[in-house]
Amino acid sequence: MIDFKKEVAQLISNQVSELTIEEINDMLERPVDSKMGDYAFPCFKLAKSLRKAPNIIAMELGEKLKGCELFSEVESVNAYVNFFIEKKAFIKASLSEVVRMDGKFGSSTIGENRKVIVEFSSPNIAKPFHIGHIRSTVIGNSIYKLFDFLGYDTVRINHLGDYGTQFGKMIVAYRKWGNKEDVEKAPIKTLLEYYVKFHEEVEAHPELEDMARDVFTLLENGSEEEMELWKWFKDVSLKEFKRVYDILGIEFDSYAGESFYSDKMGKVIDIIKDRNLLVESEGAMIVDLEAFNLPPALIMKKDGSTLYLTRDIAAAVYRKETYDFYKNIYVVASQQNLHFQQLMKVIDLMGFDWSNQCVHIPFGLVSLEDGTMSTRSGRVVYLEDVLNRAIAQTKEIIIEKDVNTENIEITAKQVGIGAVIFQELSNGRIKDYVFSWDKVLNFEGETGPYVQYTYARAASVLRNSKEDLDKLVVKLNDIENIDFNFIESDAAYSLVKLIYRFPEVIIEAANRYEPSILTRHLVDIAQAFNRFYHDEHILVANEEEKKAKLLLVYAAKISLHNGLMLLGIAAPERM
RNA sequence: GGGCUCAUAGCUCAGCUGGAUAGAGCAGCGGCUUUCUAAGCCGCGUGUCGGGGGUUCGAAUCCCUCUGGGCUCACCA
């Protein structure tokens with residue numbers, strides 16, 4: 001595809017020797033108002049070296065650049081030189097690209113032969129999968145899809161919280177107050193009750209803590225009875241988690257959680273020792289990070305058992321050895337910023353030059369209207385409930401609107417789940433937010449259903465065109481014979497512009513690990529499409545006009561489809 | 001107290017590595033369906049961009065400082 005920005009930079013570069021083409025490219029911007037042009041070059045920086053007023057420079061430069069074929073107009077306004085791309089060339093370049101990519105529009109091979117690991121979701125065994133977990137799950141899934149679409153080899157890892165003293169507590173609690181049937185009926189809910197009770201009882205009976213620690217030590221040493229219970233807890237929990245993943249359509253390549261690394265820490269500790277990093281402090285073994293303005297990293301407890309950080313170091317080393325990753329991405333809450341700073345610093349000090357290939361992608365906290373979520377106090381909104389309620393509401397709307405859809409169940413699921421995921425990916429990751437039923441169940445405006453609806457509209461137009469879709473695309477392939485005059489209106493042209501930018505938006509979203517950039521762009525495309533759809537009639541009698549417009553609809557439809565897919569959202573053909 | 005982070009319209013938020021009059025959605029009011037899906041489209045905004053300094057031709061954007069919220073700081077994960 002023609003990179004129009006580069007073309008502009010080249011033109012200017014021919015006239016301006018003071019700046020390199022890269023510098024010019026960086027300086028080029030898109031004017032706030034498209035009436036001012038497609039690209040703008042500000043001349044302020046040249047004022048010093050040319051010893052002229054910026055507006056004079058702009059005027060002179062503008063004169064020299066007039067009359068080149070890719071640009072219909074070059075205009076100087078104040079200190080800016082504004083470029084208007086020749087519309088037909090632009091439309092042709094944009095839409096040819098969509099057709100050429102044959103459904104894969106927006107994808108790339110820039111990541112070829114590079115392995116990217118995305119660790120995400122990572123819930124704790126025997127704890128509820130609540131609304132707080134949606135962030136890592138959905139953001140991580142989208143980041144995975146973005147990298148996958150850009151050609152990277154990807155590995156999705158669910159780093160389960162399946163290890164630690166908490167399981168000592170759980171086993172003690174189960175033995176004291178539990179019974180098998182209850183757990184089998186509602187595993188996580190019941191196990192959580194035991195866990196809560198443990199914390200209540202421990203106030204009056206502090207010896208329970210010691211029991212829990214002892215039991216965990218037994219578990220760590222592979223004691224059969226404890227292992228069996230732990231395995232059971234894990235199995236029933238995973239079954240519940242998978243139910244949620246199925247609804248969301250999310251899969252993992254590996255469920256290697258914390259316990260997976262329990263036998264891989266000795267080696268890591270040896271390296272730390274060999275490097276003279278391990279020092280004793282208050283009975284525990286630490287790596288002193290004071291020189292880096294960080295609190296000490298605890299490697300080993302007084303009693304010799306390891307900690308979360310130790311396991312994460314082992315996990316990183318294991319992953320490097322196993323996958324030889326180009327990037328090792330952790331989609332984990334911002335609460336753990338310090339943890340990851342320490343993790344990466346220790347890896348660095350251990351002499352691994354790949355420590356900077358590990359990247360923590362933090363996100364903000366979800367709280368409830370009555371405060372922070374707390375599993376121990378039972379103040380929690382289950383993710384599964386949110387999803388089911390969104391599906392139920394969608395079903396009501398479908399029935400009320402009497403939508404022509406083959407299968408209400410499937411459509412309701414696609415739209416309901418889409419609404420929840422889209423809402424989650426709408427804003428910047430780092431922001432904290434308060435969960436609100438009103439918000440997730442609102443389907444108007446900048447929402448998932450709005451984008452899906454737009455997609456369904458486009459699909460409907462193509463259906464109604466009475467053209468066989470496959471044949472249509474082949475026909476459209478004949479780009480030379482399409483008269484782009486018919487899609488030069490403001491409404492059509494602004495849609496083309498957004499479609500043109502779609503591939504670069506995907507790259508930016510991946511580079512910044514920020515799916516919301518894509519989410520926002522999809523809303524823009526949907527808005528532009530709806531305006532076009534409303535203002536102009538597509539299935540007109542004139543065959544030439546119809547052909548041009550259908551090509552645009554087709555391009556919009558593919559963009560929306562691929563965009564939604566990258567967010568982990570289905571694109572329904574009817575709704 | 002130290003570190004990290006956030007603060008933009010009534011509410012929820014965009015605003016890319018500084019650039020031309022700061023933008024959406026929601027809520028509110030008013031329009032638009034003999035025409036391809038009204039989950040739609042169009043119109044209506046007097047914002048100390050938290051306050052104060054600084055850098056710059058130019059700052060919501062970069063630096064400093066203050067205020068306010070969130071997270072976090074040794075044997076949990």
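Computed from a prediction, not measured in an experiment: that's the story for all the values here. By convention in this document, chain letters (A, B, ...) are assigned in the order of the sequence lines, proteins followed by strands, and residues within each chain are numbered from 1.
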request  = Would you classify A:Pro362 as touching base, sugar-phosphate or nothing, given that sugar-phosphate means primed atoms plus P, OP1 and OP2, and contacts are heavy atoms under 4.0 Å?
outcome  =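 Nothing: the residue A:Pro362, judged by heavy atoms under 4.0 Å, touches no strand.
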request  = Select base, sugar-phosphate, or nothing to describe what A:Asn82 touches, counting heavy atoms under 4.0 Å on all strands.
outcome  =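 A:Asn82: base contact, heavy atoms under 4.0 Å.
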task = Ignoring the backbone of A:Gln166, work out which of B:A20, B:C73, B:A77 is nearest its side chain.
result =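 That would be B:A77.
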query = A:Thr165 side chain: which of B:C4, B:U5, B:A77 is closest?
reply =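 So the side chain of A:Thr165 is nearest to B:A77.
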ask   = With pairs taken as Watson-Crick or G-U wobble and both distances under 3.5 angstrom, which stems of at least three consecutive pairs involve RNA chain B?
value =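 The stems that RNA chain B takes part in, listed by first number, are B:1-7 with B:67-73, B:10-13 with B:23-26, B:28-32 with B:40-44, B:50-54 with B:62-66.
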ask   = Any salt bridge between A:Glu543 and A:Lys546, counting N to O under 4.0 Å?
value =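 So A:Glu543 pairs with A:Lys546 through a salt bridge.
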key: Rounded distance (Å) that lies between atom P of B:U5 and atom CD1 of A:Ile361   =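 For the pair A:Ile361 CD1 and B:U5 P, the rounded distance is 14 Å.
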request  = Would you kindly compare A:Met36 and A:His339 by the position of their nearest RNA chain B nucleotide and give the one closer to the 5′ end?
outcome  =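 Its nearest nucleotide lies further toward 5', so the answer is A:Met36.
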inquiry  = Checking A:Glu444 now: which residues fulfil side-chain contact (heavy atoms from CB on, under 4.5 Å) with it, not counting sequence neighbours?
reply    = A:Asn442
inquiry  = Between A:Tyr255 and A:Asp162, do the side chains contain a donor N or O and an acceptor N or O under 3.5 Å apart?
reply    =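 No, no side-chain donor-acceptor contact under 3.5 Å.
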message = Given the ring of A:Phe198, does A:Lys169 sit roughly above its face, with NZ or CZ under 6.0 Å from the centre of the six-membered ring and within 45° of the axis?
response = no
Residues which pass salt bridge (Lys or Arg N to Asp or Glu O under 4.0 Å) with A:Glu220, listed by chain and number, not counting sequence neighbours = none
key: Test side-chain contact (heavy atoms from CB on, under 4.5 Å) applied to A:Leu567 and A:Leu522, A:Ile139, A:Leu146, A:Val451, the passing residue   = A:Leu522
request  = On the 0 to 90° scale, with breaks at 30° and 60°, tag the A:Phe340-A:His360 ring pair as parallel, tilted or perpendicular.
outcome  =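 Ring orientation, 0 to 90° scale: parallel.
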task = Quick one: sort the A:Phe532 and A:Phe529 rings into parallel, tilted or perpendicular, breaks at 30° and 60°.
result =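 Geometry flag for A:Phe529 against A:Phe532: perpendicular rings.
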ask   = Among residues 44-58 of chain A, which residues get a heavy atom nearer than 4.0 Å to RNA chain B?
value = A:Phe44, A:Lys45, A:Lys48
Find every protein N or O atom lying less than 3.5 Å from an N or O atom of nucleotides 11-15 of chain B, and list the pairs.
from: B:U12; atom 1: O2'; to: A:Lys439; atom 2: NZ; distance (Å): 2.2
from: B:C13; atom 1: O2'; to: A:Asn427; atom 2: OD1; distance (Å): 2.9
from: B:C13; atom 1: O2'; to: A:Arg520; atom 2: NH2; distance (Å): 2.7
from: B:A14; atom 1: OP1; to: A:Gly428; atom 2: N; distance (Å): 3.0
from: B:A14; atom 1: OP2; to: A:Lys431; atom 2: NZ; distance (Å): 3.1

ask   = Going 5' to 3' along nucleotides 30-42 of chain B, which nucleotides have protein heavy atoms under 4.0 Å from the base (write B), which only from the sugar-phosphate (write S), and which from neither (write -)?
value = -----BBBSBBSS
